Visitor: 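If you scroll down you'll find the structure; I have some questions about it.
Counting convention: from 1, in listed order, for ligands and their atoms alike. Please read these numbers as outputs of a predicted model, since none were measured by experiment. Quick note: numbers below take in every heavy atom, side chains included, and nothing from hydrogens, waters or symmetry partners.
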Amino acid sequence: MARAQRHGGRTALVDSQGSFTYNDLLDASSRVAAALLAGREDLQRDDLKREDLKEDRVAFLLTPGFPWVAALWGIWRAGGVAVPLPLNSTRSELEYFIDDTEASTLVFDALAAPSMSLIAAARGIRALSYDQLPARPPAELPDITPDIKDQRRAMILYTSGTTNRPKGVVTNHANITAQIMSLVEAWEWSADDRIVLCLPLHHVHGIINVVSCALWSGATCQMLERFDASAVWDRIAGGSVTLLMAVPTIYVKLIAAWERASPERRADLSRACARLRLMVSGSAALPVSTLQRWQEISGHTLLERYGMTEIGMALSNPLRGERVPGSVGRPLPSVEVRLVGENGEPVAPGTLGEIEVRGASVFAEYWGKPEATRAAFRDGWFRTGDTAVVENGVYRILGRTNIDILKTGGHKVSALEIEESLRQHPAIAECAVVGVPDPEWGERVAAAIVLKEVLNDVLNDGDALDLVSLRAWAKELLAAHKLPSRLLVLDALPRNAMGKVIKPEVVALFQSAGNGERVA
Ligand code: AMP
């Protein structure tokens, strides 16, 4: 809060309703805090200063914008644990997050009111509509000293569970501060920065890398309610942003929008990109073809980084210096990273291993799951479940150990490497490689592909890309055991709200398709 006071009259946020200063944020968040603490007025003034929410969970469902940030800060100022809920969740998903965290209060806007008030009423928990905040800031708010606050839980984010129900990842205030400070240092954030938020706000990428780094630095965050390619291009063209951070699928959509534009507009957009100082990609592997196309369009080499809900960001290509396509660079400041083999011992350079991470930015626990928390650590190192290899000092991600590292005919192969090769095929727009259980091979390499639209239209039935022709084409790029032996052509890959392919769903598609096209 002291940092925000220093930035006082500067613009903190811009949303569809207008522009808001750091003072506006301090005022609105104090009113959120007061509303959360209401009902404690019977306490003496000194007790009130000491009495806070003491880590009560407050779940909130708000559209990205000024109220979202005011709610987050208000919950923290009242001593609560913030549980940002994903927009577009089903009722039963919302109920799961609210019940799992045992939230004591729900905060929401008019859009979310119908479902959230019903959920609150059914559980007898407090419902607080953002539109009904007290008009005036409170005289006093709890005085939570930094040493106590640091170790207090601050936020619970749900991981995109694949087979099991999602786990709540708990970070305390010290974890969050460490995550922010590491990025502010590495990417040289300053008060002059202006960033456009085009990511959802239930995930570390939008919450920490974009909104929190901006506000920590005294910068300005322009918040879109949801991703919209033309709105992002308008911000870039308007010259009002210095930074862009997004997931690979967003860059793919920005490329498609640029390609649909008129030649004059394209030239304007490309010229405007020169005014940005940094463009970052992460949260999923960035295809080299996307990096190259974006380079042609914008003149920027995307800075790819690697991170996870549990650790914040861990690896990054450099702000200054060579960014290696297909790699995620080196450890960020104050983050320790190592690769270990199946025995838990560090591996020799050039050998693939599991990424383990240690440092103040690593999360505190899985909410209510001490066993899962214990299992996630080895000698104080967090086991990410991602496999990587270090080449010339930089890390290359090979994928989730249990999903993307396929075991086929006694070989270990990386689905991400095969995908990178298949994307070079002129007819393939997108692809996802998975291992499908097979009694003979252990797992078969199975490729789900989406054809490029133009080619899809002109291909006659006889020309359709089939498994035999794909294998014949790919054998120049891939060793025989890496060639797909199952193929599915889809209209779209199943993806989550962050644009990541949901691989278990791809496996299920192969399983329900039966044997399909197969080569022994
Ligand atoms: P989440 O916790 O939703 O952010 O997902 C984290 C996971 O995304 C990691 O464990 C990786 O599997 C994946 N991931 C994040 N960044 C990258 C990247 N640059 N390249 C490949 N995978 C990534």
Side-chain angles (χ1 to χ4, degrees), residues 84 86 155-162 164 166-171 175 179 183 186 199-210 245-252 279-288 290-291 294 301-318 323-332 335 337 339 352-357 361-363 366 372 376 382-391 394-405 414-420 423 432-434 495-504:
M155 186 157 66
I156 304 180
L157 294 178
Y158 278 82
T159 54
S160 29
T162 47
N164 300 320
K167 294 195 281 285
V169 175
V170 180
T171 39
N175 299 145
Q179 292 178 0
L183 292 184
L199 294 161
L201 283 181
H202 60 268
H203 189 268
V204 63
H205 198 162
I207 299 175
I208 301 294
N209 300 22
V210 179
M245 296 184 192
V247 294
T249 41
I250 286 190
Y251 285 105
V252 169
M279 295 176 168
V280 179
S281 171
S283 295
L286 174 66
V288 173
T290 308
L291 175 138
W294 188 256
T301 303
L302 288 172
L303 179 155
E304 186 172 5
R305 57 70 184 163
Y306 160 88
M308 197 176 180
T309 310
E310 285 88 338
I311 56 173
M313 300 303 114
L315 297 160
S316 170
N317 272 286
R323 297 176 192 163
V324 183
S327 101
V328 291
R330 298 167 196 271
L332 278 157
V335 183
V337 181
L339 287 187
L352 76 180
E354 181 181 354
I355 304 177
E356 291 192 342
V357 179
S361 50
V362 175
F363 77 126
Y366 289 117
F382 173 66
R383 310 164 70 171
T384 61
D386 285 311
T387 293
V389 61
V390 179
E391 293 156 342
V394 301
Y395 284 76
R396 189 157 60 85
I397 308 290
L398 298 171
R400 301 290 303 154
T401 310
N402 293 334
I403 299 174
D404 295 311
I405 306 299
S414 158
L416 267 53
E417 275 183 348
I418 300 173
E419 288 164 8
E420 194 59 68
R423 269 193 294 264
V433 167
V434 293
R495 292 183 186 272
N496 70 12
M498 290 298 289
K500 290 191 212 207
V501 177
I502 309 168
K503 294 252 171 133

Visitor: Which heavy-atom pair separates Ile208 from Gln179 by the least distance, and what is that distance?
Guide: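 Result for this residue pair: CG1-OE1, 3.6 Å.
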Visitor: For Arg396, which residues count as a side chain to side chain contact (heavy atoms under 4.5 Å, CB included) partner, sequence neighbours excluded?
Guide: Val389, Glu391, Leu398, Glu417
Visitor: For a side-chain contact (heavy atoms from CB on, under 4.5 Å) with Val337, tell me which candidate from Leu315, Ile311, Leu332 qualifies.
Guide: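 In the set Leu315, Ile311, Leu332, the residue that makes a side-chain contact (heavy atoms from CB on, under 4.5 Å) with Val337 is Leu315.
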Visitor: For the pair Glu304 (side chain) and Leu286 (backbone), establish whether a donor and an acceptor sit closer than 3.5 Å, ignoring hydrogens and angles.
Guide: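 Judged by distance alone, yes, a pair lies under 3.5 Å.
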Visitor: Quick one: does ligand 1 sit under 4.0 Å from the side chain of His205, the backbone, both or neither, non-hydrogen atoms only?
Guide: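 Answer for His205: neither.
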Visitor: Taking only heavy atoms of Glu304, which atoms of ligand 1 are found under 4.0 Å from at least one of them?
Guide: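 Answer, ordered by atom number: 18 (C), 19 (N), 20 (N).
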Visitor: The test is side-chain hydrogen bond (donor to acceptor under 3.5 Å, both in side chains); show your working for Arg305 and Ser283 and say whether it passes.
Guide: CA-CA 8 Å; Arg305 57 70 184 163; Ser283 295; 3.1 Å; yes
Visitor: Backbone, side chain, both or neither: what part of Ile397 comes under 4.0 angstrom of ligand 1, heavy atoms only?
Guide: side chain
Visitor: What's the shortest heavy-atom distance between Glu420 and Val288, and which atoms?
Guide: OE2-N, 3.0 Å
Visitor: Give the contacting part of Ser283 toward ligand 1: side chain, backbone, both or neither, where contact means a heavy-atom distance below 4.0 Å.
Guide: backbone
Visitor: Any non-hydrogen side-chain atom of Arg330 less than 4.5 Å from a side-chain atom of Ser316?
Guide: no
Visitor: Which part of Lys500 is near ligand 1, with near meaning a heavy atom under 4.0 Å away: side chain, backbone, both or neither?
Guide: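 The answer is the side chain.
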Visitor: With only distance considered, is Arg305 within less than 3.5 Å of ligand 1 through an N or O on each side?
Guide: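 Yes, since at least one N or O of Arg305 sits under 3.5 Å from an N or O of ligand 1.
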Visitor: I'd like the name of whichever of Ala388, Gly307, Ala285 reaches closest to atom 20 (N) of ligand 1 through any heavy atom.
Guide: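 The residue whose heavy atom sits nearest atom 20 (N) of ligand 1 is Ala285.
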Visitor: Numbering the atoms of ligand 1 from 1, which are under 4.0 Å from a heavy atom of Thr309?
Guide: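 Near Thr309, meaning under 4.0 Å from one of its heavy atoms, ligand 1 has 1 (P), 2 (O), 3 (O), 4 (O).
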Visitor: Could you tell me the residue and atom name of the protein heavy atom closest to atom 9 (C) of ligand 1, and the distance to it rounded to 0.1 Å?
Guide: Asp386 OD2, 3.2 Å
Visitor: Check salt bridge (Lys or Arg N to Asp or Glu O under 4.0 Å) between Lys503 and all other residues, then give those that pass, not counting sequence neighbours.
Guide: Asp404, Glu419
Visitor: Under a heavy-atom criterion of less than 4.0 Å, does Val328 contact ligand 1?
Guide: yes
Visitor: Determine, stepwise, if the pair Val335 / Ser361 fulfils side chain to side chain contact (heavy atoms under 4.5 Å, CB included).
Guide: CA-CA 7 Å; Val335 183; Ser361 50; 4.0 Å; yes
Visitor: What protein heavy atom sits nearest atom 3 (O) of ligand 1, and how far off is it?
Guide: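 Of the protein heavy atoms, His203 NE2, 2.9 Å lies nearest.
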Visitor: Does any N or O atom in Glu310 lie less than 3.5 angstrom from one in ligand 1, N or O only?
Guide: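 Min N/O separation from ligand 1 is not below 3.5 Å for Glu310.
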Visitor: To which of Ser281, Ala284, Gly282 does the heavy atom nearest atom 17 (C) of ligand 1 belong?
Guide: Ala284
